[in-house]
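A short worksheet on the structure shown next.
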Amino acid sequence: MTIYTSNCGCITPTDSDTTGSKTGDGIVSGNNEANRIDLAYTGDPEGDMIDNDDAILPGEEGDDDIVVAGGGNDTIYTGEGNDEVYGGGGDDFINVGYGDNLVYADSNYDPETGEPVDAREVFQWSLTPDTTGDGELSQYEDTPTTFTQNTGSVNVTFTISSSNLTPITQFDGNEQLTDGIEDDGSDVDSHSSLASWVQENGESATYEWDFDEEVTDVSFRINDIDYDSNVVICAYDADGNFIDVTLDAGDSTIVNGSSVSADDSITDPTDVSTSVLVSIEGPVSKIVICHTQDGDHSSEVNVTDIYFDVPDGNDTLLGGTGNDTLYGEGGDDVFYSSDGNDEMYGGDNDRDVFKGATAGDFIDGGSGDEVDYDTLDLRGSAPDGGSLKVIYSDTNPEDGTVEFYDADDELTGTATFEDIENVIPCFTPGTLIATPKGERLVEELRAGDRIITRDNGIQEIRWTGARQMSAQELARASHLRPVLIQKGSLGYGLPERDMLVSPNHRVLVNNDKTALYFEEREVLVAAKHLVGLKGIDTVDTMGTTYIHFMFDRHEVVLSDGSWTESFQPGHQTLDGLGNAQRNEIFELFPELKEEEGVSNYAAARRTLKRHEAALLAK
């Protein structure tokens with residue numbers, strides 16, 4: 001057999017056990033479908049189950065489970081025991097229960113080493129659609145012109161894209177050489193291949209595999225390259241560019257080669273002398289194989305099952321009551337901490353979110369040369385009635401410590417974080433606004449939406465806007481740092497949840513002191529003038545977004561259960577908007593271009609000055 005380089009194209013001359021009897025292999029396995037693996041799961045081929053007292057592998061006992069979910073968007077609930085979970089491909093939801101658990105969200109499990117390995121999936125010829133209608137795939141059954149196979153995370157579409165004369169394309173169940181194929185941890189099916197037969201000089205068939213997401217590290221064999229066979233293998237990235245193909249025929253290996261040919265008469269698909277191992281590092285979006293008879297002897301070649309690494313999933317990982325270690329690996333993952341001292345690792349070059357940090361936790365967002373922007377969201381993380389404080393490292397602004405304080409302002413513990421680009425005690429997006437149909441997130445509101453107001457019933461929003469504040473902007477203009485109003489700090493259990501607002505955003509205050517000092521029961525006070533009251537503080541953040549919405553008049557609306565103001569277009573607030581947003585408001589309210597129009601857009605309540613607001617703290 002000869003390997004050589006050519007242009008990509010055809011060369012054409014002119015029953016499971018559920019009794020806890022420990023008969024399985026110690027691994028609760030899923031498949032490439034979207035599995036729900038929990039206490040009721042019975043889909044493991046060997047009968048292993050969650051919390052079935054069937055642990056048999058070294059280092060495991062009782063209800064310790066090893067879960068290997070495989071491809072697909074899986075939902076996994078582990079229970080008792082110190083469990084290990086390998087999510088594999090897909091966007092998985094992983095909720096670990098009691099015990100000290102270990103999670104690798106994007107990896108598979110290597111049973112030989114007991115270590116995580118890259119998640120791999122496989123395009124299987126044994127899953128070729130049945131064309132005879134008998135419901136069973138048989139030896140040498142014709143292959144459909146095109147079909148799509150979901151391997152778990154990726155849809156692979158196979159197509160016989162072109163042919164010359166009358167080639168035959170069929171499923172072949174004969175034994176194949178599979179040595180060297182980089183599998184997914186389980187044995188390669190040696191009785192699963194595509195047989196391509198050409199019988200006349202110049203007869204050919206071209207096959208394509210299209211991946212709906214780019215894959216990497218592709219591995220398969222082409223066997224029985226005999227007589228006057230000629231095979232051309234090409235691969236492309238998502239932009240249609242040629243990418244390297246490595247062909248290994250044992251004593252002859254090249255990179256950037258794309259063709260193999262033979263003129264010997266060996267007809268054994270298990271013979272290494274007529275087989276080539278194909279490896280494509282990728283990323284790969286398409287593979288094209290053209291098989292041609294180049295001479296007088298008929299030719300059959302076999303293409304084995306095709307293995308590849310899949311894209312990283314966007315997973316959700318929930319810690320349990322123990323000391324858990326959670327690896328999100330690639331993808332944009334969401335982590336939820338729970339009780340115990342958890343370690344959470346986001347991975348490099350992605351956008352992970354960590355929620356619910358508690359004392360004793362360690363959070364590592366990961367970094368990388370590409371885009372990496374991780375968020376530590378501390379909403380609801382403060383102890384009941386207590387507070388938290390974020391202290392940044394002097395040497396790296398992406399590292400720091402979270403201090404937790406109880407209701408008596410006593411330090412109760414700390415959590416540490418590294419490589420976190422965005423630390424926020426509370427997103428300004430996330431505030432809930434009362435509407436006639438229930439509360440809605442402020443960032444979802446649009447012009448025309450109906451809102452409950454304190455003075456004028458239900459009113460329609462006329463304009464919405466947003467102002468993103470980067471870490472650099474907040475560092476240059478510290479007076480624009482947001483104010484955190486903690487749950488209950490305004491009295492009577494309000495607000496109902498922690499609320500983050502811009503420093504000039506005004507809150508309605510209604511108590512005996514306002515009537516005593518100002519002869520008005522209700523007044524508006526800027527958040528920055530409430531700083532110093534218990535539970536109200538200016539906070540450092542690596543960035544936030546201020547969201548505005550405006551009515552025909554200045555209104556008071558319910559935000560997280562508390563009454564606060566809508567946007568009032570005074571000179572200062574209008575100057576703080578960008579030109580596009582300011583012009584948009586002027587189109588809706590042309591009178592605001594004039595001094596009289598601004599004056600007529602009156603405040604819904606009296607607004608206290610700083611020294612007046614200070615009286616409320618006495």
Side-chain angles (χ1 to χ4, degrees), residues 30-35 37 67-76 84-96 101-110 115-123 150-156 182-185 210-219 237-239 243 280-286 306-319 324-336 343-355 363-376 418-422:
N31 51 33
N32 284 335
E33 299 177 1
N35 298 294
I37 302 176
V67 180
V68 181
N73 302 330
D74 303 306
T75 300
I76 304 162
E84 297 178 26
V85 179
Y86 300 82
D91 302 335
D92 301 317
F93 177 92
I94 303 172
N95 187 342
V96 294
N101 305 290
L102 174 64
V103 175
Y104 293 93
D106 293 326
S107 291
N108 278 341
Y109 174 75
D110 186 341
E115 297 293 329
V117 294
D118 289 338
R120 291 180 70 73
E121 293 178 7
V122 55
F123 179 88
N150 182 277
T151 63
S153 306
V154 177
N155 290 311
V156 185
E182 187 180 348
D183 58 40
D184 60 355
D210 289 281
F211 302 84
D212 69 344
E213 292 188 66
E214 287 186 313
V215 300
T216 55
D217 294 327
V218 177
S219 180
D237 64 17
D239 296 323
I243 56 177
I280 312 169
E281 183 176 348
V284 181
S285 183
K286 176 186 287 190
I306 300 174
Y307 288 79
F308 46 86
D309 286 352
V310 298
D312 294 319
N314 300 325
D315 305 301
T316 301
L317 295 80
L318 284 74
D324 303 311
T325 303
L326 312 176
Y327 292 93
E329 301 183 296
D332 300 335
D333 304 312
V334 180
F335 295 77
Y336 290 86
E343 296 183 18
M344 295 172 279
Y345 300 88
D348 300 337
N349 297 319
D350 51 22
R351 304 175 73 88
D352 301 310
V353 176
F354 300 84
K355 296 187 176 185
I363 301 106
D364 184 351
S367 59
D369 297 331
E370 302 173 22
V371 176
D372 190 277
Y373 190 82
D374 304 309
T375 296
L376 174 57
E418 295 180 1
D419 290 323
I420 298 291
E421 286 75 20
N422 189 28

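- In this structure, Phe354 and Ile420 have side chains that are in contact, with non-hydrogen atoms separated by less than 4.5 Å.
- Looking at Val117 and Ser107, their side chains never come closer than 4.5 Å, going by heavy atoms from C-beta outward.
- Here the straight-line distance linking atom NZ of Lys355 with atom CG of Leu318 works out to 10.5 Å at 0.5 Å rounding.
- Residues Asp350 and Asp374 form a side-chain contact, since some pair of their non-hydrogen atoms from C-beta on lies under 4.5 Å apart.
- Between atom CG of residue Asn150 and atom CG of residue Asp212 there is a gap of 8.0 Å, rounded to the nearest 0.5 Å.
- When ring centroids are compared, Phe211 and Phe308 come within the 6.0 Å threshold.
- Results of the side chain to side chain contact (heavy atoms under 4.5 Å, CB included) test with Asp419 over Asp348, Asp364, Ile363 single out Asp364 as the only residue that passes.
- With sequence neighbours excluded, the residues satisfying ring pair (Phe, Tyr, Trp, His ring centres under 6.0 Å) with Tyr86 are Tyr104, Tyr109.
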Is there a side-chain contact (heavy atoms from CB on, under 4.5 Å) between Asp315 and Asp106 once you walk through the steps? CA-CA 8 Å; Asp315 305 301; Asp106 293 326; 2.8 Å; yes
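- Residues Asp237 and Val284 fail the side-chain proximity criterion, which asks for heavy atoms closer than 4.5 Å.
- Closest non-hydrogen pair, Pro311 versus Val154, comes out as CD-CG2, 3.8 Å.
- Taking the side chain as every heavy atom from C-beta outward, Arg120 and Ser219 approach each other to under 4.5 Å.
- Judged purely by distance below 3.5 Å, without hydrogens or angles, the side chains of Thr375 and Glu421 never pair a donor atom with an acceptor atom.
- For the atom pair CG (Asp309) and CG (Asp118), the distance works out to 4.5 Å, reported to the nearest 0.5 Å.
- Test Ile243, Val215, Asp217 against Ile280 for side chain to side chain contact (heavy atoms under 4.5 Å, CB included) and you get one pass: Ile243.
- Here the shortest heavy-atom pairing between Asp352 and Gly365 reads OD2-O, 3.8 Å.
- Between Thr151 and Asn32, the closest heavy-atom pair is O-CG, 2.8 Å.
- Summarising the geometry, atom CG belonging to Asp92 is positioned 5.0 Å from atom CD1 belonging to Ile76; distances are rounded to the nearest 0.5 Å.
- The line from CG of Asp184 to OH of Tyr307 is 5.0 Å long, rounded to the nearest 0.5 Å.
- Here the closest heavy-atom approach between residue Ala105 and residue Gly328 is recorded as CB-O, 3.7 Å.
- Using a cutoff of 4.0 Å between basic side-chain nitrogens and carboxylate oxygens, Lys286 and Asp210 are scored as salt-bridged.
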Start with the C-alpha distance between Val218 and Ile306, add both sets of side-chain angles, then the distance that settles side-chain contact (heavy atoms from CB on, under 4.5 Å), and finish with yes or no. CA-CA 7 Å; Val218 177; Ile306 300 174; 3.7 Å; yes
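- We find the CG-CG distance between Asp332 and Asn314 to be 5.0 Å, quoted to the nearest 0.5 Å.
- Shown here is Glu343, whose CD atom has more than 12 heavy atoms of other residues, nucleotides or ligands within 6.0 Å.
- Shortest non-hydrogen contact noted between Tyr327 and Leu317 is O-CD2, 3.9 Å.
- Side-chain contact of Ser153 with Glu213: a donor-acceptor pair under 3.5 Å is absent, judged by distance alone.
- The shortest non-hydrogen separation linking Ala69 to Ile37 is CA-CD1, 4.1 Å.
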